[in-house]
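Throughout, protein chains are lettered first and strands after them, A, B, ... in sequence-line order, and every chain is numbered starting at 1.
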There are 2 protein chains.
Amino acid sequence: MDATDQRILEMLQQNSRMTSSEISKTIHLSVPAVAERIRKLESSGVIDRFTVKLNRHTLGQHCLAYIFVVIQGNEETHQFRTKIIESEYVLECHHTAGEYDYLLKVSLPDIQSLEQFITETLKNKHSVTRTNTVFILSTLKDE
Amino acid sequence: MDATDQRILEMLQQNSRMTSSEISKTIHLSVPAVAERIRKLESSGVIDRFTVKLNRHTLGQHCLAYIFVVIQGNEETHQFRTKIIESEYVLECHHTAGEYDYLLKVSLPDIQSLEQFITETLKNKHSVTRTNTVFILSTLKDE
DNA sequence: GATGAAACACTGTGATT
DNA sequence: AATCACAGTGTTTCATC
């Protein structure tokens, strides 16, 4: 990973569909050399995957929140993890140190569906004994 | 946004460098039709941008944490926002409702640099009166 | 949306440093 | 090992229907 790789990564972060020939024009490297570097960044694991960042608001998801969760029981935790990972509303799920066990980042259409998510998906079906929801008013930076 | 657009989005989320001709083979649509749909998904704002998901661990960033922040003063808040957005360690910054003012998602090489970040970038230079750091032990889901 | 032609980009090879 | 140039192949774009 040298400075050239860094520049390539920065360009791909801005637009992952940028072609090798476009990149080769700004970094003064031949097209095969650029393509080869991108392949190596991917196979070495520096690049996890090429993806697309969707706009939540355009998709009607106006409610963004973080939910801290306390969960009890081994079997219940396993069920919880499966359900959570499958849920389309859960963007992220982290196992945390400290007061709570898990931290979820959820994106939903509105507060009604958030309430429904907390009562039905979280509190009802699993041994979630406590939650703490932090609403996001606005986002200044997102990767 | 019909079902075909949905399928295209799903494919691009898996691999944003997938070519229109590859996509056209699985959804039975001509190449120009696929390219046109992708352009429209982008210009309509459904697609925010094509990007690349990097592997934090491969890049030596072994410490992931969320930091809640309380900040006082108008001028200080402005400075804080500028500094935070510029910081390479800050992946996300959200304005939150409730007990704290901001929530940062930070990725750093180790705990030492996290301590340095909190004391130098956060507490020293700005009127950050209180912070609360939540460590991430592991990540189950990330978009 | 589809088709076909022209423009463009990618891959593989061999040669170079 | 990394890079380049070239040729062959595949992909995109732009017109037209």
J.: Between A:R39 and A:E36, does any NZ, NE, NH1 or NH2 come within less than 4.0 Å of an OD or OE carboxylate oxygen?
T.: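 Salt bridge present between A:E36 and A:R39.
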J.: For A:I23 and C:dC8, give me the distance from atom CD1 to atom P, rounded to whole Å.
T.: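 Answer to the nearest Å: 18 Å.
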J.: Please tell me if B:S21 has a side-chain N or O lying less than 4.0 Å from either OP1 or OP2 of D:dT12.
T.: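 Indeed, a polar side-chain atom of B:S21 lies that close.
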J.: Locate the shortest heavy-atom distance separating B:I23 from B:M18; write the atom from each residue and the value.
T.: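 What the structure gives for the nearest pair is CG1-SD, 3.5 Å.
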J.: In this structure, how many angstroms lie between the C1' atom of D:dT13 and the CZ atom of A:R17, rounded?
T.: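 The answer, rounded to whole Å, is 14 Å.
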J.: With ring centroids as reference points, do B:Y102 and B:H95 lie under 6.0 angstrom apart?
T.: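 Here the rings of B:H95 and B:Y102 have centres that are less than 6.0 Å from each other.
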J.: How many whole angstroms separate atom CZ of A:R39 from atom P of C:dA9?
T.: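 Roughly 17 Å, once rounded to whole Å.
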J.: Provide the closest heavy-atom pair for B:S20 versus A:R17 in the form atom of the first, atom of the second, distance.
T.: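 The answer is OG-NH2, 4.0 Å.
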J.: Rounding to an integer number of Å, can you tell me how far B:K25 NZ sits from D:dT11 P?
T.: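 These atoms are roughly 5 Å apart.
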J.: Any donor and acceptor pair, going by atom type alone, linking the side chain of A:T58 with main-chain N or O of B:G45 inside 3.5 Å?
T.: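 Yes; judged by distance alone, with no hydrogens or angles, the pair exists.
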J.: Using the 3.5 Å cut-off, write out each protein N or O paired with an N or O of nucleotides 2-4 of chain D and the distance between them.
T.:
unit_1, atom_1, unit_2, atom_2, d
D:dA2, OP2, A:K40, NZ, 2.7
D:dT3, OP1, A:R37, NE, 3.3
D:dT3, OP1, A:R37, NH2, 2.4
D:dC4, OP2, A:S30, N, 2.6
D:dC4, OP2, A:S30, OG, 2.7

J.: Keeping the roles fixed (side chain from B:R49, backbone from A:Q13), state whether a donor-acceptor pair exists under 3.5 Å.
T.: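 Checked: pair present.
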